[in-house]
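One structure is given below, encoded as structure tokens.
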Amino acid sequence: VVKIYSFQPLCEGTEKTCGWPAGKSMSIAVDIMVEHINKGQFLRGNHTMQVDTMDTSCSPQLGLQVASKVLLLPRSDKPFGVLGCGSSACTKTAASILDIGRMPTISNSATSAELSDRVAYPSLFRMFPVDLPQVVSMVIVFQSIGWHSLALITDSFGSLGFKDKFDEIVNSRGMTNVLSGKEAAHMAALVDHDGSL
């Protein structure tokens with residue numbers, strides 16, 4: 001069995017202080033992937049994968065603590081690698097500690113550009129692109145298919161400090177963000193009963 005630990009922001013008991021409680025949905029996706037990997041026998045030598053999730057509550061401090069505990073485990077209990085955290089801040093602290101033990105970390109959701117620094121994070125492998133270049137690419141794709149107006153709807157966690165940059169990117173392409181300057185209450189009023197704008 002190839003054991004992986006998944007550091008996710010489950011935020012169990014810390015909902016009020018959790019920065020981004022997306023770990024539950026990410027853990028479901030991980031479980032589905034593991035099921036397909038094992039069912040398809042994708043690992044050589046008849047190995048199977050087992051992923052155990054640990055709650056880091058989107059916290060850099062908790063990421064540091066959990067990563068330290070993983071490195072102190074007996075050899076027989078240590079995982080092959082770590083998946084996570086959920087946020088960039090938690091990933092930075094956890095990956096720095098895990099690198100001391102040369103434990104590979106795969107980031108499935110952290111978007112900070114700093115995490116691409118191979119000198120600072122030599123054992124971290126990211127699977128998710130940096131926020132702003134990703135948004136620029138999406139806007140260019142939408143423009144190429146003839147769209148002139150876009151709308152950005154995020155949860156309160158994903159939108160922190162991001163709305164202005166989105167507006168800047170959209171405006172630089174000569175497009176319009178139809179929800180620019182609107183608060184969450186106004187956006188909710190724009191959404192009809194079936195969830196469409």
Minimum heavy-atom separation for Pro9 to Asp55, with atom names? C-OD1, 3.9 Å
Linked, directly or transitively: Leu98 and Ile4 (ILVMFWY side chains, under 4.5 Å): no
Contact list for residues 87-118, test disulfide (SG to SG under 2.5 Å), sequence neighbours left out: Cys85-Cys90
Decide whether Phe7 and Ile97 are clustered together by the hydrophobic rule: side chain heavy atoms of Ile, Leu, Val, Met, Phe, Trp, Tyr closer than 4.5 Å, transitively. yes
Determine the minimum heavy-atom distance between Val34 and Met49, stating which atoms define it. CG1-O, 3.5 Å
Heavy-atom check, side chain of Asp52 versus side chain of Ser6, under 4.5 Å: no
Specify the closest pair of heavy atoms between Ser27 and Thr53, including all atoms of both residues, with the distance to one decimal. OG-CG2, 3.6 Å
Check: Ala120 main-chain N/O paired with Asp117 side-chain donor or acceptor under 3.5 Å: yes
Steps toward side chain to side chain contact (heavy atoms under 4.5 Å, CB included) verdict (Lys92, Ser112): CA-CA 9 Å; Lys92 288 175 188 177; Ser112 170; 3.5 Å; yes
Is atom NZ of Lys24 surrounded by more than 12 heavy atoms (other residues, nucleotides or ligands) closer than 6.0 Å? yes
Just by modelled atom types, is the Thr48 backbone N or O under 3.5 Å from a matching donor or acceptor in the Asn38 side chain? no
Gln41 side chain to Asn46 main-chain N or O, any donor-acceptor pair under 3.5 Å? no
Is there side-chain contact between Met33 and Ile28, with heavy atoms separated by less than 4.5 Å? no
Which residues pass the ring-ring contact (aromatic ring centres under 6.0 Å, His included) test with Phe42, sequence neighbours left out? none
I'd like to know if the side chain of Ser59 reaches the main chain of Gln61, judged simply by a donor and an acceptor atom lying under 3.5 Å from each other, with no hydrogens or angles considered. yes
In sequence, state the C-alpha distance, the side-chain angles, and the governing distance for Ile37 and Leu43, and then conclude on side chain to side chain contact (heavy atoms under 4.5 Å, CB included). CA-CA 7 Å; Ile37 288 168; Leu43 300 181; 4.2 Å; yes
Atom CD of Gln134: over 12 foreign heavy atoms under 6.0 Å: yes
Can you see which heavy atom on Thr56 is nearest to which on Gly63, and at what distance? CG2-CA, 4.1 Å
Would you check if Asp99 and Leu124 make a side-chain contact, meaning some heavy-atom pair closer than 4.5 Å? no
Taking side chain as C-beta onward, heavy atoms only, is Leu132 less than 4.5 Å from Lys165? yes
Val82 and Met54: same hydrophobic cluster, using ILVMFWY side-chain contacts below 4.5 Å? yes
Would Val135 and Ile145 show up in the same hydrophobic cluster when neighbours are defined by side-chain heavy atoms closer than 4.5 Å? yes
Which value, rounded to the nearest 0.5 Å, describes the distance between Ile106 atom CD1 and Thr91 atom OG1? 12.0 Å
Spell out, as yes or no, whether a donor-acceptor pair under 3.5 Å connects the side chain of Ser107 to the backbone of Ala110. yes
With a 4.5 Å heavy-atom cut-off, do Val170 and Asp167 have their side chains touching? no
Do His148 and Thr176 have side chains that approach each other closer than 4.5 Å (heavy atoms only, starting at C-beta)? no
Can Met26 and Ser109 be said to form a side chain to side chain contact (heavy atoms under 4.5 Å, CB included), step by step? CA-CA 9 Å; Met26 287 193 285; Ser109 59; 3.7 Å; yes
Between Lys3 and Phe80, is there a donor-acceptor pair closer than 3.5 Å when you use the side chain of the first and the backbone of the second? no
May I ask you to decide if Asn177's main-chain N or O and Ser180's side chain share a donor-acceptor pair within less than 3.5 Å? no
Under a 3.5 Å distance rule, please check whether Arg126 uses its side chain to pair with a backbone N or O of Phe128 as donor and acceptor. yes
Any non-hydrogen side-chain atom of Leu73 less than 4.5 Å from a side-chain atom of Tyr5? yes
Should the pair Arg118 and Phe125 be classed as cation-pi, given the thresholds of under 6.0 Å to the six-membered ring centre and 45° from the axis? yes
Quick one: does Leu62's side chain get under 4.5 Å of Ser57's, heavy atoms only? yes
Apply side chain to side chain contact (heavy atoms under 4.5 Å, CB included) to residues Ser96 and Tyr121 and explain how you reach the verdict. CA-CA 7 Å; Ser96 297; Tyr121 303 100; 3.6 Å; yes
Is there a continuous path of hydrophobic side-chain contacts, each under 4.5 Å between heavy atoms, that joins Val130 to Phe166? no
Using a strict SG to SG cutoff of under 2.5 Å, would you count Cys58 and Cys11 as disulfide-linked? no
